[in-house]
S.K.: 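Below is the structure I would like to discuss, written out as structure tokens.
First the proteins, then the strands, lettered A, B, ... as listed; each starts at 1. The analysis underlying the following values was restricted to heavy atoms, covering all of them including side chains, and did not include hydrogens, waters or symmetry mates. None of the values given here were measured: they were computed from a predicted structure.
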Protein chains: 2
Amino acid sequence: MVKPNRNSTLAFALLGLIWQEPRSGYDLRKFFSSTPMISFSDSPGAIYPALHRLEQRGLVRGLVAEGLRRRRIFELTARGRAEFRRWQTQPVVRSDVVRNLDALMLRFAFMDQFAEKGAALRFLKAFHKELAAYIPSLRKYLKSNREYMPESGRLALENGIRAYETQLRWTKDAMATYGQTKGEG
Amino acid sequence: MVKPNRNSTLAFALLGLIWQEPRSGYDLRKFFSSTPMISFSDSPGAIYPALHRLEQRGLVRGLVAEGLRRRRIFELTARGRAEFRRWQTQPVVRSDVVRNLDALMLRFAFMDQFAEKGAALRFLKAFHKELAAYIPSLRKYLKSNREYMPESGRLALENGIRAYETQLRWTKDAMATYGQTKGEG
DNA sequence: GATCACATGTAAGAAGTTACATGATTCT
DNA sequence: AGAATCATGTAACTTCTTACATGTGATC
């Protein structure tokens, strides 16, 4: 049995975008298909049911827009904002680093807009810590097994390690950015 | 309606590992939980049903192992090998680069073992080409929108671009590795 | 007048998640 | 004897995918 009301990554992407500004399902589809958020599905069979679920759960409210075409503009409810913030400020855990990097980056992407000041920096520190703890375990595996691995398998693992290292460097650079901003403001 | 028999990424991971050597469901779970392939789920609720589907589709064959505990060791059928190879040597398409990098790397990871000589290099070339075509579109979006983006959103996008650039550099390095090997052999 | 973009929806099916369930064997 | 590990499974539920369906308004 699945825990009720655990919203999907797509659901949170929708909440974030709707919080930025009220949008229709069609707006959201177009946003996904025309920006780097194209990594989300823009299919109507994903978006519309997801919006209906969010509405049933009281996280968004759909308003029929006056205009020529039938169109529903969604906006966040207070519960929707609370739920989004709760998700966004959850601890950064290993399992997210290993299996859900995209969700982690989505949480960060909306940090400046919807979380309290300081949340972004706290997030980056926690993220950095988890990455720094995880990478050595990958290196260790590579070291112990490189001789028994086929070349393409080894290269694939090296690619994974590099990807995490890039992520690690990014967290440091991003932290520096926030440090600067603090000094300026 | 969904196309029948389109195996999931998990299904292909199972096929690849079973092709390496016959394994039980339990072996596969342990492999996922104890190696960098931990990005796959090791839950019995995912693995066992997936194995049953593969068996129903005639891609694997389960043999009851003699021994103390009841245990089923799976091995690939000829159809399983053909299906895996077909998947592995599919063209590298943009949509995989955008939404399914993991599957792409999984395909590559088994390339030396199960694909014909030269497949790895062809794969890397195609992968490189797609990455080189995709990255500028991300840069362009960043350039046009950076002033309207919140800082964390901009940083998240920069992270995505860096990740793809790292991937691109890796494809070049990996191609060089294969070039050398050719010279040696 | 036809085609394209706007706009929303549903149906069928696949596959994953969490949780529960069961029993054997080995270790302490 | 009790705990841990080996080993496999199912049930309920959620969400996604592909495909089909429908109608309006704008453009050529």
S.K.: Using atom CZ of B:Arg6 as one end and atom P of D:dC16 as the other, report the distance to the nearest whole Å.
M.R.: 16 Å
S.K.: Name the residue closer to the 5' end of DNA chain D, choosing between B:Gly25 and A:Ala50 according to the nucleotide with the nearest heavy atom.
M.R.: B:Gly25
S.K.: In residues 30-46 of chain B, what residues come within less than 4.0 Å of DNA chain C, judged by heavy atoms?
M.R.: B:Ser41, B:Ser43, B:Gly45, B:Ala46
S.K.: Are A:Arg99 and B:Asp102 close enough, and set up right, to give a salt bridge (charged side-chain N to carboxylate O under 4.0 Å, His left out), and what steps lead you there?
M.R.: CA-CA 11 Å; A:Arg99 302 190 52 191; B:Asp102 289 351; over 6 Å; no
S.K.: CD of A:Gln56 versus P of D:dT14: gap in Å, rounded?
M.R.: 11 Å
S.K.: Separation of A:Leu10 atom CG from D:dT17 atom P, in whole Å?
M.R.: 8 Å
S.K.: B:Ala103 and B:Thr9: which non-hydrogen atoms are nearest, and at how many Å?
M.R.: CB-OG1, 4.0 Å
S.K.: Counting the benzene-type ring for Trp, do B:Phe110 and B:Phe12 have ring centres under 6.0 Å apart?
M.R.: no
S.K.: State whether B:Arg53 places a side-chain N or O below 4.0 Å from either non-bridging phosphate oxygen (OP1 or OP2) of C:dG16.
M.R.: yes
S.K.: Would you classify B:Ile47 as touching base, sugar-phosphate or nothing, given that sugar-phosphate means primed atoms plus P, OP1 and OP2, and contacts are heavy atoms under 4.0 Å?
M.R.: nothing
S.K.: Heavy atoms from C-beta onward define the side chain here; which of C:dA14, D:dA7, D:dT10 lies closest to that of B:Tyr26?
M.R.: D:dA7
S.K.: According to the interplanar angle, ranging from 0 to 90°, do the rings of B:Tyr134 and B:Tyr164 count as parallel (below 30°), tilted (30 to 60°) or perpendicular (above 60°)?
M.R.: perpendicular
S.K.: Any side-chain N or O of B:Ser8 below 4.0 angstrom from OP1/OP2 of C:dA14?
M.R.: no
S.K.: Does NZ or CZ of A:Arg23 come closer than 6.0 Å to the centre of the six-membered ring of A:Phe31, within 45° of the ring's axis?
M.R.: yes
S.K.: Can you tell me how far apart CG (B:Leu121) and CE (B:Met111) are? Round to the nearest 0.5 Å.
M.R.: 10.5 Å
S.K.: Between D:dT8 atom C1' and B:Leu51 atom CG, what is the distance in whole Å?
M.R.: 11 Å
S.K.: Assess whether salt bridge (charged side-chain N to carboxylate O under 4.0 Å, His left out) is satisfied between A:Asp112 and B:Arg154, documenting all intermediate values.
M.R.: CA-CA 10 Å; A:Asp112 282 346; B:Arg154 202 198 70 225; over 6 Å; no
S.K.: Once you round it to whole Å, what is the distance between P of C:dA14 and NE2 of B:His52?
M.R.: 16 Å
S.K.: What nucleotide, of D:dT10, C:dA7, C:dT10, holds the atom closest to the side chain of A:Arg70?
M.R.: C:dA7
S.K.: Who passes salt bridge (Lys or Arg N to Asp or Glu O under 4.0 Å) against B:Glu147, sequence neighbours left out?
M.R.: none
S.K.: Tell me the interatomic distance from B:Arg23, atom CZ, to D:dT8, atom C1', rounded to whole angstroms.
M.R.: 18 Å
S.K.: Within residues 91-106 of chain A, find the residues that approach DNA chain D with a heavy atom at under 4.0 Å, and present them sorted by residue number.
M.R.: none
S.K.: Among C:dT8, D:dG9, D:dT15, find the nucleotide with the atom closest to the side chain of A:Tyr48.
M.R.: C:dT8
S.K.: Is there a salt bridge (charged side-chain N to carboxylate O under 4.0 Å, His left out) between B:Glu83 and B:Arg86? Walk through the geometry before answering.
M.R.: CA-CA 5 Å; B:Glu83 172 66 7; B:Arg86 192 204 54 72; 3.2 Å; yes
S.K.: How close or far is atom C1' of D:dT8 from atom CD of B:Glu55, stated in whole angstroms?
M.R.: 13 Å
S.K.: Using a heavy-atom cut-off of 4.0 Å across all strands, would you classify A:Arg29 as base, sugar-phosphate, or nothing?
M.R.: base
